[in-house]
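Keep in mind that the numbers below use all heavy atoms, side chains included, and drop hydrogens, waters and symmetry copies. Positions are given from 1, in the same order as the sequence printed here.
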Amino acid sequence: MGKYEELAKNIVKEVGGKENVNSLTNCITRLRFKLKDESKANTEVLKNMDGVVTVMQAGGQYQVVIGNHVPDVRKDVDAVLGVLEAPTESGPKGNLFDQFVDMISSIFQPILAPLSAAGMLKGVNAILIFALGSSFAESSTSAIFNAMGDGLFKFLPIFIGYTAMKKFGGSPFLGMLIASSLVYPGFLEGAATAQFAESGGLNFFGIPFSIPPAGYGSTVMPIIAAVAFAAFLEKQLRKVIPDVIKLFIVPFLTALVTIPLTFLVIGPIMNTVSDALGNGLLSIQSFSPILFGAILGFSWQILVMFGLHWALIPFAIIALSQGDPTSLLTPSGSVSFAQTGAVLAVMLKTKNAKLKELSIPAFISGIFGVTEPAIYGITLPRKKPFWASCIVGGVTGAIAMGLGMQGYQMGGLGIFRYPSSISPDGDVKFAIYAMILDVCALAAGFAVAWALGFKDDEPTIQLSKEEAKLAATGQKKKLTKEEVFSPAEGKVLPLSEARDAAFSEGIMGKGVVIEPTVGEIVAPFDGTVMTLFPTKHAIGLISDNGTELLIHIGIDTVQLDGEGFEAFVEQNAKVKKGDKLVTFDISAIEEAGYSTQVPIIVTNTPDYADVIATSETSTKQGDVLITAIIAN
């Protein structure tokens with residue numbers, strides 16, 4: 001939890017508690033709850049709560065207005081709501097493959113960190129065996145390290161039972177109950193098969209069934225399928241079971257039906273499907289390992305950006321959890337170092353002091369396998385450095401597959417991947433290969449990005465002749481006002497006529513409203529894009545002189561989910577006055593039933609002696625719209 005923990009808890013409490021929340025989204029200034037019963041929310045308490053600007057109820061949403069720091073508050077509210085046992089989204093979205101990727105990522109993402117930690121613990125044990133020899137391998141200390149690493153993999157279905165049931169909208173602890181039956185000690189590693197062999201084999205009321213030789217411990221697909229069925233059955237039972245006995249009868253009947261069905265039908269079918277898919281991936285590798293490595297290495301970062309890498313990860317987990325080494329993810333190993341080398345090239349080549357400063361932490365985090373700051377903040381906005389890292393990633397991926405490199409555990413990324421390249425008997429050959437390849441990837445990423453070059457940002461400070469003269473004598477030019485030029489064309493209205501109380505009452509700051517006649521927003525000054533909301537309906541800017549401006553396109557247009565909007569800049573981008581920022585379809589917004597009003601707010605109004613709106617009744621792009629008077 002962050003610094004808004006107390007506020008988050010109070011907000012959730014006053015909207016009626018987590019059990020009253022169907023879903024939560026946020027826009028650039030407010031939390032947007034969909035509540036089961038809005039009458040349970042204490043609206044007046046919320047309005048008077050420190051940290052809450054106001055509360056609005058519109059469009060089927062209960063809107064708690066927070067301000068520009070709403071993303072930080074949202075994180076803490078999510079932490080409070082994190083134990084909800086119902087899905088927050090209704091209905092599948094996208095095509096079948098998109099739904100599959102979404103399902104897999106939702107199930108595995110919460111446990112990927114502990115999975116990696118378990119793999120690293122197994123790697124530490126392998127390092128100690130290599131360093132200390134067979135005497136350590138046979139010691140109880142080594143056995144404890146094995147338990148640390150293998151315990152999660154052995155009982156992996158229980159973890160998946162929780163996350164999968166949550167994804168499918170059932171009760172997570174019921175998912176754990178079903179999974180614990182599959183990994184019950186008597187059914188692990190063929191013990192039950194041997195126990196009942198002389199009495200005719202395994203059967204359930206005379207219906208025969210079989211268990212894989214290693215049991216269902218460490219498996220993935222059977223529990224996912226079982227839980228999907230259980231979640232469906234639980235929902236149907238809740239509709240027909242009387243409330244007075246629903247609490248215990250629903251999970252009883254769900255488990256009573258699902259668990260035997262899993263042993264008899266679901267488990268054997270899903271093991272067959274899993275084996276077929278795994279063998280299919282292995283056959284692609286076998287066809288041309290080097291080509292496979294080149295393609296996956298080149299495209300890995302792109303797959304990660306779109307979440308498509310989740311389609312591969314479960315099959316690597318399946319192999320590793322069963323004790324088999326795998327090369328399925330090997331081509332991606334050095335990609336983070338190629339990306340880090342490209343960042344180093346940007347850092348040393350740029351003349352922009354701010355970009356250079358941002359590159360330093362991005363470079364450091366990249367060494368440890370965290371490349372999001374590097375990708376989204378440094379290389380992707382400049383394009384060529386990003387493609388340089390992809391090219392090098394393709395080459396290193398092909399080389400890794402050519403060398404026959406494999407992974408023995410799920411491990412960390414960056415330098416933390418080396419322990420996972422050490423075999424259980426202490427062979428460090430692949431770990432050494434990985435280190436050498438990573439150094440080469442970093443150097444090659446640097447060289448290719450440097451050679452390709454990139455369009456550098458403007459220098460952080462550009463002085464006019466007058467300013468340079470003042471700077472040379474140690475003086476500073478004193479600003480008396482900041483002019484905000486109109487970002488849109490249309491009719492000008494006073495802010496009090498905005499069709500949203502959060503704006504019209506001046507809660508967010510002073511400003512004006514434009515009723516646009518042209519669906520285009522341009523930069524109203526030289527500055528930086530602080531915030532670009534994913535739905536593109538709102539953008540936050542800060543001028544080079546410190547004026548913070550919110551441009552909100554339409555009222556409640558966050559509901560359009562980006563339909564009819566197109567952005568031409570990215571978050572943290574530098575912009576010049578008149579640069580195109582966003583276009584929007586006025587007709588589409590009106591046809592959807594929303595107002596096209598564009599409130600333009602100086603959100604740091606208290607920093608100024610006054611904020612004065614134009615007296616004109618119409619404006620075009622480039623006209624002076626707002627003047628912020630700077631106190632001397």
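With hydrogens and angles disregarded, a donor-acceptor distance shorter than 3.5 Å links the side chain of Asn10 to the backbone of Glu6. Judged purely by atom type and a 3.5 angstrom limit, Asn604 has no side-chain atom pairing as donor or acceptor with the backbone of Asp607. When atom types are taken as modelled, the side chain of Asp585 and the backbone of Gly564 share no donor-acceptor pair closer than 3.5 angstrom. Remark: the backbone N or O of Leu532 is paired with a side-chain donor or acceptor of Gln571 at under 3.5 angstrom. Checked by atom type and distance alone, the side chain of Thr528 never pairs as donor or acceptor with a backbone atom of Met530 at under 3.5 Å. In this structure, the side chain of Lys349 engages the main chain of Trp450 through a donor-acceptor pair within 3.5 Å. Using a distance-only test at 3.5 Å, with no hydrogens or angles considered, no donor-acceptor pair links the side chain of Thr350 to the main chain of Val346. Lys36 places a side-chain N or O within 3.5 Å of a backbone atom of Glu19 that can act as its donor or acceptor partner.
By the 4.0 Å N-to-carboxylate-O rule, Lys580 lies close enough to Glu520 to be salt-bridged with it. Salt-bridge formation is detected for the pair Arg32/Asp556: a Lys NZ or Arg NE/NH1/NH2 atom is positioned less than 4.0 Å from an Asp or Glu carboxylate oxygen. Using a 4.0 Å cut-off between a side-chain N of Lys or Arg and a carboxylate O of Asp or Glu, Asp544 and Lys576 do not qualify as a salt bridge. A salt bridge is defined here as a Lys NZ or Arg NE, NH1 or NH2 lying under 4.0 Å from an Asp or Glu carboxylate O, and Glu38 with Lys40 fails to meet this definition. Here Lys620 pairs with Asp623 in a salt bridge; the nearest charged N to carboxylate O distance falls below 4.0 Å.
In this structure, the side-chain contact (heavy atoms from CB on, under 4.5 Å) partners of Thr340, at least two apart in sequence or on a different chain, are Phe363, Ile367, Leu442. Applying the ring-ring contact (aromatic ring centres under 6.0 Å, His included) test to Phe584 and every residue at least two apart in sequence or in another chain returns nothing.
Within a 6.0 Å sphere centred on CG of Asp50, heavy atoms belonging to other residues, nucleotides or ligands number 12 at most. Under a cut-off of 6.0 angstrom, the local environment of CD in Glu563 is sparse, with at most 12 non-hydrogen atoms contributed by other residues, nucleotides or ligands. Atom CD of Glu497 has more than 12 heavy atoms from other residues, nucleotides or ligands within 6.0 Å.
Remark: Lys577 is positioned above the aromatic ring of Phe485, its terminal NZ or CZ atom under 6.0 angstrom from the ring centre and at most 45 degrees off the axis.
Between Arg417 and Ser334 there is a side-chain heavy-atom pair separated by less than 4.5 Å. Looking only at side-chain heavy atoms (C-beta outward), Lys455 and Arg382 stay at 4.5 Å or farther from each other. Side-chain contact between Leu493 and Ile514 is absent, with no heavy-atom pair separated by less than 4.5 Å. Looking at heavy atoms from C-beta onward, Asn22 lies out of side-chain contact with Phe33 at the 4.5 angstrom threshold. Under the 4.5 Å side-chain criterion, counting only non-hydrogen atoms from C-beta, Pro487 is in contact with Ile600. Side-chain contact between Met49 and Leu7: present, with at least one pair of heavy atoms (C-beta onward) separated by less than 4.5 Å. In this structure, Lys47 and Thr43 have side chains that are in contact, with non-hydrogen atoms separated by less than 4.5 Å. Between Ile539 and Val529 the shortest side-chain heavy-atom distance falls below 4.5 Å.
Judged by distance alone, the side chains of Thr596 and Glu515 never bring a donor and an acceptor atom under 3.5 Å apart. Checking Ser486 against Gln621 by side-chain atom types alone, no donor-acceptor pair falls below 3.5 Å.
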> Does the pair Phe446 and Val392 meet the rule for a side chain to side chain contact (heavy atoms under 4.5 Å, CB included), with working shown?
Replying inline: CA-CA 10 Å; Phe446 172 85; Val392 174; over 6 Å; no
> side chain to side chain contact (heavy atoms under 4.5 Å, CB included) between Ile66 and Leu31: does it pass, once the steps are laid out?
Replying inline: CA-CA 7 Å; Ile66 301 294; Leu31 299 169; 4.1 Å; yes
> Can you check side chain to side chain contact (heavy atoms under 4.5 Å, CB included) on Ser595 and Arg499, steps first, answer last?
Replying inline: CA-CA 8 Å; Ser595 168; Arg499 298 180 185 177; 3.8 Å; yes
>> Using side chain to side chain contact (heavy atoms under 4.5 Å, CB included), reason through Cys390 and Gln301 one step at a time and then give a plain yes or no.
In response: CA-CA 7 Å; Cys390 291; Gln301 295 178 103; 3.8 Å; yes
>> Determine whether Ser39 and Asp37 satisfy the following criterion, side chain to side chain donor-acceptor pair (under 3.5 Å), listing intermediate values before the conclusion.
In response: CA-CA 5 Å; Ser39 67; Asp37 184 355; 2.5 Å; yes
>> Gln339 vs Thr379, test: side chain to side chain donor-acceptor pair (under 3.5 Å). Steps then yes/no.
In response: CA-CA 8 Å; Gln339 176 66 230; Thr379 62; 2.7 Å; yes
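Between Val12 and the options Leu81, Leu24, Asn20, a side chain to side chain contact (heavy atoms under 4.5 Å, CB included) holds for only Leu81. Screening Thr605, Ile601, Ile542 against Glu548 for a side chain to side chain contact (heavy atoms under 4.5 Å, CB included) leaves a single residue, Ile542. None of Leu46, Val15, Asn48 except one satisfies the side chain to side chain contact (heavy atoms under 4.5 Å, CB included) rule with Val55; the exception is Leu46.
Distance check, rounded to the nearest 0.5 Å: CG of Leu495 to OG of Ser504 gives 7.0 Å.
Minimum heavy-atom separation, Gly393 to Ala338: N-CB, 4.2 Å.
Between Trp387 and Phe298, the angle of the ring planes stays under 30°, which puts this pair in the parallel group of the 30/60° scheme.
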